[in-house]
Amino acid sequence: MYKSIIRPLLFLFDPEKVHQFTFRWLKFVNKIPFVPALLRARYRLKDKRLETEVFGIKFPNPVGLAAGLDKNAELFSELSSLGFGFIEIGTVTPKPQPGNPPKRLFRLVEDEGIINRMGFNNEGVEAIVARLKKNKNVIIGGNIGKNKWTENDKAHEDYLYCFEHLAPYVDYFVVNVSSPNTPNLRSLQEKEPLQKLLTLLQEANGKLSKSKPILLKIAPDLTDEQLMDIIDIVEQTHIAGVIATNTTITREGLTSEKKVETGGLSGRPLTQRSTEVIRFLAEKSQHRFPIIGVGGIHTPEDALEKLRAGASLVQIFTGFIYEGPSLIKRINKAIIKRMKNEE
């Protein structure tokens, strides 16, 4: 029904307006008695075999929502009812910022992809904390970044500010230095500034009564040499793991006319490369740290391939938009089936 009726209708309209409409609709229907329970019954798959413990957190299932959809922590409870094992909010910056001017979100339907140049649009950490205070039992990841106007030599101050404010309300952190839509942000992926940033965050982490897992989200466009640097940095700073990968700036093999738009590309064109990065990191590190696999997961087999490559958990975003909420349950069913076959 989603792919045959709902998606074609939604895809007639501007993607950012559809996003806003869908959020309002989900908020509304979840206020109707029994609707949240009905959604959970339809989309959530509860099974002990799906429970996965990674970096000290027990996830009800290994399928999460990637950052970027629920930027402002507006809908984490409602989205959780659709079957996600965890929700990543953000990217969060210290101060509110509007992001880049519209139009900034483009569907590449022929390629099953999306190009975005949103630019970390969000309401700022304080507004987001106010919503997270109402969270009851959803596992939340806090994806943090810097404000657009903050120079790179002061970027650590923004990340620390977000870390300190969010720490009581999120279960793990993601350091986003890999978005292509904030000027010069990706230069923070270079070894020296990245090691400095992660070291400072780990120092702040050590001062908490209970430290939080910190993960690094990396771009798929890194070279093998840069990926080896990432492995070295993870091990030297003792962060919890890596999220592979963010969006790509490459446009190889695309057929859509919208491929000329600037921004980060996600979806089906990223499937192979993100899996390659996961496999490289897992093999070269000898599986010494967890990896969350994300990028181009549109089918259960895509998710299984990332798990086979070395991911401990997976996240979806563009696949969720193209395939609908049933994808979550289908992935979890495929994971259980794989477990049965391996017994």
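Note that these values count all heavy atoms, side chains included, but never hydrogens, waters or copies made by symmetry.
- By the 4.5 Å heavy-atom criterion applied to side chains, Thr245 and Arg273 are not counted as neighbours.
- Using a 4.5 Å heavy-atom cutoff, the side chains of Lys212 and Tyr172 are not in contact.
- Under the 4.5 Å side-chain criterion, counting only non-hydrogen atoms from C-beta, Lys46 is not in contact with Arg40.
- The only member of Gln97, Arg131, Lys71 that meets side-chain hydrogen bond (donor to acceptor under 3.5 Å, both in side chains) when paired with Glu123 is Arg131.
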Task: Evaluation steps, side-chain contact (heavy atoms from CB on, under 4.5 Å), between Thr182 and Lys146 - done: CA-CA 9 Å; Thr182 295; Lys146 76 176 187 72; 4.1 Å; yes

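- Judged by distance alone, with hydrogens and angles left aside, the side-chain atoms of Thr271 form a donor-acceptor pair with the main-chain N or O of Gly296 at under 3.5 Å.
- Asp111 places a side-chain N or O within donor-acceptor distance of the main-chain N or O of Thr255, the cut-off being under 3.5 Å.
- With Phe13 as the aromatic partner, Lys17 does not meet the cation-pi criteria of under 6.0 angstrom to the ring centre and within 45 degrees of the ring axis.
- Nearest heavy-atom pair across Pro96 and Trp149 is O-CH2, 3.7 Å.
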Task: Derivation and outcome, side-chain contact (heavy atoms from CB on, under 4.5 Å), residues Ile328 and Leu65 - done: CA-CA 9 Å; Ile328 309 155; Leu65 177 67; over 6 Å; no

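- For the residue pair Leu75 and Asp70, the shortest heavy atom distance occurs at N-OD2, 3.1 Å.
- Ion pairing between a basic and an acidic side chain is recognised when a charged N comes within 4.0 Å of a carboxylate O; Arg308 and Glu305 show such pairing.
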Open item on the list: Applying side-chain contact (heavy atoms from CB on, under 4.5 Å) to Leu208 and Phe163, what does each step give before you reach the verdict?
Closed with: CA-CA 11 Å; Leu208 299 177; Phe163 179 87; 3.9 Å; yes

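- Take His298 and apply the ring pair (Phe, Tyr, Trp, His ring centres under 6.0 Å) test, not counting sequence neighbours, and it matches Tyr322.
- Within a 6.0 Å sphere centred on NZ of Lys329, heavy atoms belonging to other residues, nucleotides or ligands number more than 12.
- Between the side chain of His19 and the backbone N or O of Pro15, no donor-acceptor pair lies under 3.5 Å.
- Residues satisfying the salt bridge (charged side-chain N to carboxylate O under 4.0 Å, His left out) test with Arg44, not counting sequence neighbours, are none.
- Nearest heavy atom pair, residue Tyr169 against residue Val129, reads CE1-CG1, 3.5 Å.
- Here Arg279 does not pair with Glu276 in a salt bridge; the nearest charged N to carboxylate O distance is not below 4.0 Å.
- Residues Thr93 and Asn147 have side chains that bring a donor and an acceptor to within less than 3.5 angstrom of each other.
- Among residues two or more places apart in sequence or in another chain, the side-chain hydrogen bond (donor to acceptor under 3.5 Å, both in side chains) test is passed with Lys191 by Asp232.
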Task: Test log, rule salt bridge (Lys or Arg N to Asp or Glu O under 4.0 Å), inputs Glu301 and Arg338 - done: CA-CA 10 Å; Glu301 182 55 35; Arg338 185 188 71 164; over 6 Å; no

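- Across all their heavy atoms, Ser285 and Ala282 have their closest contact at OG-O, 3.4 Å.
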Side-chain donor-acceptor pairs under 3.5 Å in residues 215-223, sequence neighbours left out?
| residue | atom | partner | partner atom | Å |
| --- | --- | --- | --- | --- |
| Asp221 | OD1 | Thr248 | OG1 | 2.5 |
| Asp221 | OD2 | Arg186 | NH1 | 2.8 |
| Asp221 | OD2 | Ile249 | N | 3.2 |
| Thr223 | OG1 | Gln226 | N | 3.1 |
| Thr223 | OG1 | Gln226 | OE1 | 3.4 |

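- Of the possible polar contacts, none joining the Arg330 side chain to the Pro325 backbone as a donor-acceptor pair under 3.5 Å is found.
- For the pair Phe11/Val109, a side-chain contact is recorded, criterion being any heavy-atom separation below 4.5 Å from C-beta on.
- Asp171 places a side-chain N or O within donor-acceptor distance of the main-chain N or O of Ile140, the cut-off being under 3.5 Å.
- In summary, the side chains of Ser179 and Asn176 do not present any donor paired with an acceptor at a separation below 3.5 Å, with no hydrogens or angles considered.
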Open item on the list: Evaluate Val242 against Phe289 for side-chain contact (heavy atoms from CB on, under 4.5 Å), listing each step before the verdict.
Closed with: CA-CA 8 Å; Val242 169; Phe289 53 81; 3.8 Å; yes

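- Looking at heavy atoms from C-beta onward, Pro102 lies out of side-chain contact with Asp14 at the 4.5 angstrom threshold.
- Between Lys258 atom NZ and Arg107 atom CZ the span is 7.0 Å, to the nearest 0.5 Å.
- The side-chain heavy atoms of Ile336 and Leu45, taken from C-beta on, include a pair separated by under 4.5 Å.
- A side-chain N or O of Asn152 and one of Ser187 form a donor-acceptor pair less than 3.5 Å apart.
- Here Tyr2 pairs with nothing under the ring pair (Phe, Tyr, Trp, His ring centres under 6.0 Å) rule; sequence neighbours left out.
- Side chains of Lys58 and Thr52: no donor on one and acceptor on the other come within 3.5 Å.
- By the ring pair (Phe, Tyr, Trp, His ring centres under 6.0 Å) test, Tyr159 is found to be paired with no residue, residues two or more places apart in sequence or in another chain being considered.
- Applying the ring pair (Phe, Tyr, Trp, His ring centres under 6.0 Å) test to Phe120 and every residue at least two apart in sequence or in another chain returns nothing.
- The heavy-atom pair separating Pro269 from Leu254 by the smallest distance is CG-CD2, 3.6 Å.
- Using a 4.0 Å cut-off between charged nitrogen and carboxylate oxygen, Lys207 and Glu164 do not count as a salt-bridge pair.
- A 4.5 Å side-chain heavy-atom check between Val175 and Leu197 finds at least one atom pair inside the cut-off.
- Ionic pairing of Arg268 and Glu110 is not present here: no N-O contact between side-chain nitrogen and carboxylate oxygen is shorter than 4.0 angstrom.
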Compile the donor-acceptor pairs under 3.5 Å between side chains in residues 312-321 and protein atoms, sequence neighbours left out, one pair per line.
| residue | atom | partner | partner atom | Å |
| --- | --- | --- | --- | --- |
| Gln315 | NE2 | Glu88 | OE1 | 2.7 |
| Thr318 | OG1 | Ser266 | OG | 2.6 |

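- Inspection of the Asn100 and Asn181 side chains reveals no N or O donor paired with an N or O acceptor under 3.5 Å.
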Could you pull out all donor-acceptor pairs under 3.5 Å where a side-chain atom in residues 22-29 meets a protein atom, sequence neighbours excluded?
| residue | atom | partner | partner atom | Å |
| --- | --- | --- | --- | --- |
| Thr22 | OG1 | Val18 | O | 2.7 |
| Lys27 | NZ | Glu74 | OE1 | 3.4 |

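- Here the side chain of Arg117 pairs no donor or acceptor atom with the backbone of Gly99 at under 3.5 angstrom.
- When side chains are defined from C-beta on, Lys306 counts as touching Ser274, because their heavy atoms get closer than 4.5 Å.
- Among residues two or more places apart in sequence or in another chain, the side-chain hydrogen bond (donor to acceptor under 3.5 Å, both in side chains) test is passed with Asn30 by none.
- The structure places CD1 of Ile89 at 12.5 Å from CG of Leu69, a figure rounded to the nearest 0.5 Å.
- In this view, Glu283 satisfies the side-chain hydrogen bond (donor to acceptor under 3.5 Å, both in side chains) rule with no residue, not counting sequence neighbours.
- Between Val138 and Ser77, the shortest heavy-atom distance links the atoms CG2-CA, 4.2 Å.
- Not counting sequence neighbours, Glu190 has no partner by the side-chain hydrogen bond (donor to acceptor under 3.5 Å, both in side chains) test.
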